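Report on the structure given below.
Because the structure is predicted, anything quoted here is derived from the model rather than measured.
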Amino acid sequence: MSFVPFLQTAAGAPQQGNILMTVLPFVLIIGIFYLFIIRPQNKKQKETEKMINALKKGDKVITIGGIHGVVHQTKEKTVIVKVDDSTKVEFNRSAIASVVIDKPVESKPSAKKSEKAKQAEKKAEDAEKVSVENTDAPVAEEKAAEVASEEAKNE
């Protein structure tokens, strides 16, 4: 008895639906990897390249090793970073982890708040003066307090 005909019928030609069901999970896995891993990594790499190519003298940088300094000079493949007054270190451009951007001190909004507070106080004082002159002093004082509290809420 020969087993060859039995093996040929068992391994028979695969059906079309079977192939689709076998390949579909692999395609989905590759798509998910692309969307959640490969694509964001490529974006981050492009941003890093852009940042490294845009380095210029005077930029504050942090290296991969954690050294903070200011770019003193740029070369084609390296950057000279001034770490201290007399200390300069040369790094590969790829060793720069990030460029530090100093946030400007926001003195204008705090000045605006103080101006608003001054205006509220002035209105409250004016309302008090009016209340002293009027015979309905308690009503005027309540109105002045309401105006002051509304302006304080608006700040």
Side-chain angles (χ1 to χ4, degrees), residues 11 13-133 138-155:
Q15 297 174 354
Q16 187 69 7
N18 244 356
I19 292 175
L20 182 63
M21 295 304 287
T22 306
V23 174
L24 186 63
F26 292 114
V27 171
L28 288 175
I29 290 171
I30 291 170
I32 290 170
F33 267 97
Y34 176 76
L35 287 175
F36 291 111
I37 297 174
I38 297 170
R39 188 170 170 226
Q41 187 176 6
N42 285 342
K43 281 186 176 182
K44 186 175 180 179
Q45 186 177 5
K46 285 180 184 178
E47 289 174 6
T48 305
E49 265 184 46
K50 196 178 201 180
M51 183 251 329
I52 287 173
N53 290 333
L55 283 175
K56 61 186 181 295
K57 184 176 181 179
D59 286 347
K60 293 181 180 179
V61 296
I62 302 173
T63 65
I64 292 173
I67 297 174
H68 294 245
V70 178
V71 175
H72 180 71
Q73 183 181 2
T74 59
K75 297 181 181 178
E76 187 177 332
K77 294 185 179 185
T78 61
V79 176
I80 297 176
V81 177
K82 188 174 182 181
V83 180
D84 196 14
D85 291 334
S86 61
T87 308
K88 296 174 190 164
V89 183
E90 188 169 359
F91 291 100
N92 285 338
R93 282 183 177 259
S94 61
I96 304 298
S98 63
V99 176
V100 178
I101 300 172
D102 290 333
K103 294 181 181 177
V105 178
E106 296 182 14
S107 61
K108 291 183 181 180
S110 62
K112 287 182 181 179
K113 287 181 182 177
S114 63
E115 288 175 14
K116 288 181 181 179
K118 288 178 184 178
Q119 289 175 355
E121 289 174 7
K122 187 175 181 181
K123 287 183 180 181
E125 288 173 3
D126 291 342
E128 287 177 19
K129 288 179 185 176
V130 170
S131 68
V132 171
E133 294 172 1
V139 174
E141 287 178 7
E142 290 177 3
K143 287 183 181 179
E146 289 175 3
V147 168
S149 66
E150 288 177 7
E151 289 178 358
K153 289 178 184 177
N154 291 338
E155 291 179 6

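We find the CD1-OG1 distance between Ile52 and Thr74 to be 13.0 Å, quoted to the nearest 0.5 Å. Rounding to the nearest 0.5 Å gives a distance of 8.0 Å between CZ of Phe33 and CD1 of Ile38. Rounded to the nearest 0.5 angstrom, Leu24 CG and Ile29 CD1 are separated by 10.0 Å. In this structure, CD in Glu47 is found 9.5 Å from CE in Met51, a value given to the nearest 0.5 Å. Here CZ of Arg93 is found 11.5 Å from NZ of Lys77. Values are rounded to the nearest 0.5 Å. The CD1 atom of Ile62 sits 11.5 Å away from atom CD1 of Ile67, with the distance rounded to the nearest 0.5 Å.
A donor-acceptor pair under 3.5 Å is formed between the side chain of Asp59 and the backbone N or O of Lys56. When atom types are taken as modelled, the side chain of Asn53 and the backbone of Glu49 share a donor-acceptor pair closer than 3.5 angstrom.
Scanning for salt bridge (Lys or Arg N to Asp or Glu O under 4.0 Å) contacts around Glu90 gives Lys75, with sequence neighbours left out. The side chain to side chain donor-acceptor pair (under 3.5 Å) search around Lys82 returns none, not counting sequence neighbours. Applying the salt bridge (Lys or Arg N to Asp or Glu O under 4.0 Å) criterion to Lys60, with sequence neighbours excluded, gives Asp102.
Between Val61 and Val71 the shortest side-chain heavy-atom distance falls below 4.5 Å. For the pair Val89/Thr87, a side-chain contact is recorded, criterion being any heavy-atom separation below 4.5 Å from C-beta on.
Minimum heavy-atom separation, Ile64 to Ser94: CD1-O, 3.4 Å. In plain terms, the two heavy atoms of Ile80 and Lys88 that are nearest each other are CG2-CB, 3.9 Å.
No more than 12 heavy atoms of other residues, nucleotides or ligands sit less than 6.0 Å from atom CD1 of Ile101.
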